[in-house]
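Here the structure comes first, spelled out in structure tokens, and everything after it is commentary.
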Amino acid sequence: MAAAFSSSDIITDGPVLNLINKRLRALRKKLNRISQMEESLSQGKALNKEQEETLRSKSSVLAGIDELEKLRQPLSEAVNQEIQLALEKNKQCSETLTDERSDEEDDGTVEPNAGGENEGVSALSDLLSLVYFGSIFDVQTLMSAHDNMLTRTHERNCCLTYDYVTDDDAAGDPLREWDLDLIAMMGGLLISRPVNSCMSHKDALQKCVEHAKLWLANSEQPIEPDSDITYAWLREKLNRIMASDYYTTIPEIRAPVEVAAAGGNYTSFQLPVHEPVLPQVDSTVSVENSTTEYDQEVIWRSRWF
């Protein structure tokens with residue numbers, strides 16, 4: 001009689017052989033009970049009617065165990081063959097599908113970039129194409145340059161002020177003017193051709209797409225070859241802005257006269273300004289040395305370029 005199978009054998013044998021093993025275990029347990037009954041009978045103990053029926057089934061139990069043990073090896077081989085045939089069939093189907101796709105691409109019926117990742121890149125490129133040429137052909141913004149300067153200067157001041165008075169001590173160093181400059185420069189790299197560049201629009205747009213992909217990937221790669229400013233570092237700055245109250249504050253629409261009065265030397269402004277309400281700043285808060293801050297800004301700007 002073959003030795004009993006371990007639990008590890010049952011786990012690795014699969015569902016078919018696992019069923020055989022379960023049946024073998026049940027028959028062996030019954031055979032053990034029969035052996036105990038035979039021992040009790042030899043000692044002169046009486047058996048009840050149910051035990052006598054069980055004792056009479058010994059021959060059929062032995063036959064069942066013998067049959068299942070003989071079937072176990074052929075069944076194992078048959079299952080392995082069936083699995084191998086299924087794997088080969090699946091491999092053939094995959095190769096056929098790959099060949100069909102290759103033929104369709106060669107015939108021009110399917111785009112080579114039909115994969116999920118390439119579709120995402122294509123969609124990104126399509127969107128950036130609109131933004132890129134939209135910025136090139138936009139003359140209205142240039143005609144309103146004076147008004148835009150006033151609006152954007154005010155937005156920068158609001159952003160820095162909200163960040164400066166934050167109650168979050170763990171937020172790290174406060175934002176600086178050059179942080180906003182770097183974000184603006186990064187935005188320019190996504191939608192425009194670099195200044196004094198001889199690249200065609202096609203090459204420039206491809207460069208915009210590459211910048212966008214690295215930005216979305218939160219890459220630790222430097223934005224420019226000679227710079228130590230990475231996409232991930234700059235994303236942290238932008239995330240800081242979007243986590244502040246500046247991002248969620250509802251702006252007030254000011255009349256042109258009020259805007260001009262608030263803008264110091266800016267006296268001409270025809271469009272309403274969406275002005276967030278500035279938080280109160282404690283006048284006793286110490287301000288860092290402006291010369292040191294300027295030197296840091298010069299260093300970072302030089303690293304960018």
Side-chain angles (χ1 to χ4, degrees), residues 1-107 109-124 170 213-221 230-232 235-236 239 243:
M1 184 182 297
F5 298 102
S6 65
S7 59
S8 61
D9 292 332
I10 296 173
I11 294 174
T12 57
D13 281 339
V16 176
L17 296 182
N18 190 20
L19 181 62
I20 298 294
N21 291 334
K22 287 181 179 180
R23 182 58 179 163
L24 280 170
R25 289 201 308 274
L27 291 174
R28 288 196 180 100
K29 286 181 180 180
K30 189 172 183 180
L31 184 61
N32 288 335
R33 291 198 303 270
I34 291 174
S35 297
Q36 293 173 1
M37 294 174 191
E38 289 177 337
E39 185 177 354
S40 298
L41 193 61
S42 65
Q43 295 175 358
K45 296 180 181 180
L47 301 178
N48 58 34
K49 194 172 184 178
E50 182 180 352
Q51 290 175 329
E52 290 176 355
E53 289 290 338
T54 303
L55 188 60
R56 283 195 292 268
S57 66
K58 180 178 180 179
S59 58
S60 61
V61 171
L62 290 172
I65 292 174
D66 184 62
E67 183 67 21
L68 289 175
E69 287 179 341
K70 290 179 179 178
L71 284 175
R72 190 176 189 281
Q73 184 61 31
L75 277 175
S76 177
E77 294 175 356
V79 169
N80 289 334
Q81 290 176 3
E82 187 172 354
I83 292 174
Q84 187 64 32
L85 289 173
L87 291 174
E88 292 178 358
K89 184 177 181 181
N90 185 55
K91 182 179 179 181
Q92 292 176 356
C93 291
S94 300
E95 292 176 350
T96 302
L97 183 59
T98 302
D99 293 340
E100 290 176 355
R101 287 180 176 177
S102 300
D103 294 340
E104 290 175 349
E105 290 178 0
D106 294 339
D107 295 339
T109 56
V110 174
E111 292 293 334
N113 61 345
E117 181 179 355
N118 290 334
E119 286 180 358
V121 174
S122 179
L124 179 64
K213 289 166 60 178
L214 292 171
W215 176 267
L216 293 175
N218 199 27
S219 173
E220 293 290 347
Q221 178 178 329
T230 66
Y231 296 89
R235 278 184 71 112
E236 290 181 1
N239 290 339

Heavy-atom donor-acceptor pair, E67 side chain to G64 backbone, under 3.5 Å: no
Value rounded to 0.5 Å, distance of CG in L75 from CG in L19: 9.5 Å
From L31 atom CG to I65 atom CD1, the distance as rounded to the nearest 0.5 Å: 5.0 Å
Qualifying salt bridge (charged side-chain N to carboxylate O under 4.0 Å, His left out) pairs, either residue in residues 37-47, two or more places apart: E38-K58
Smallest separation among heavy atoms of W215 and R235, with atom names: O-NH1, 2.6 Å
Validation: residues 76-88 side-chain donor-acceptor distances under 3.5 Å, sequence neighbours left out:
| unit_1 | atom_1 | unit_2 | atom_2 | d |
| --- | --- | --- | --- | --- |
| E77 | OE2 | Q73 | NE2 | 3.3 |
| N80 | ND2 | S76 | O | 3.2 |

Side-chain touch Q51/S40, heavy atoms, less than 4.5 angstrom: no
SB check E69 R28 (cutoff 4.0 Å): yes
M37 side, atom CE; R56 side, atom CZ - distance, nearest 0.5 Å: 11.5 Å
Exercise: identify the closest heavy-atom pair between T54 and K30: CG2-CE, 4.2 Å
For S57 against S60, the heavy-atom pair lying closest together: O-OG, 2.7 Å
Between CG on residue L214 and OG1 on residue T230, distance to nearest 0.5 Å: 11.0 Å
Separation between CD1 of I34 and CG of L27, rounded to the nearest 0.5 Å: 9.5 Å
R72 side chain to L17 backbone, donor-acceptor under 3.5 Å: no
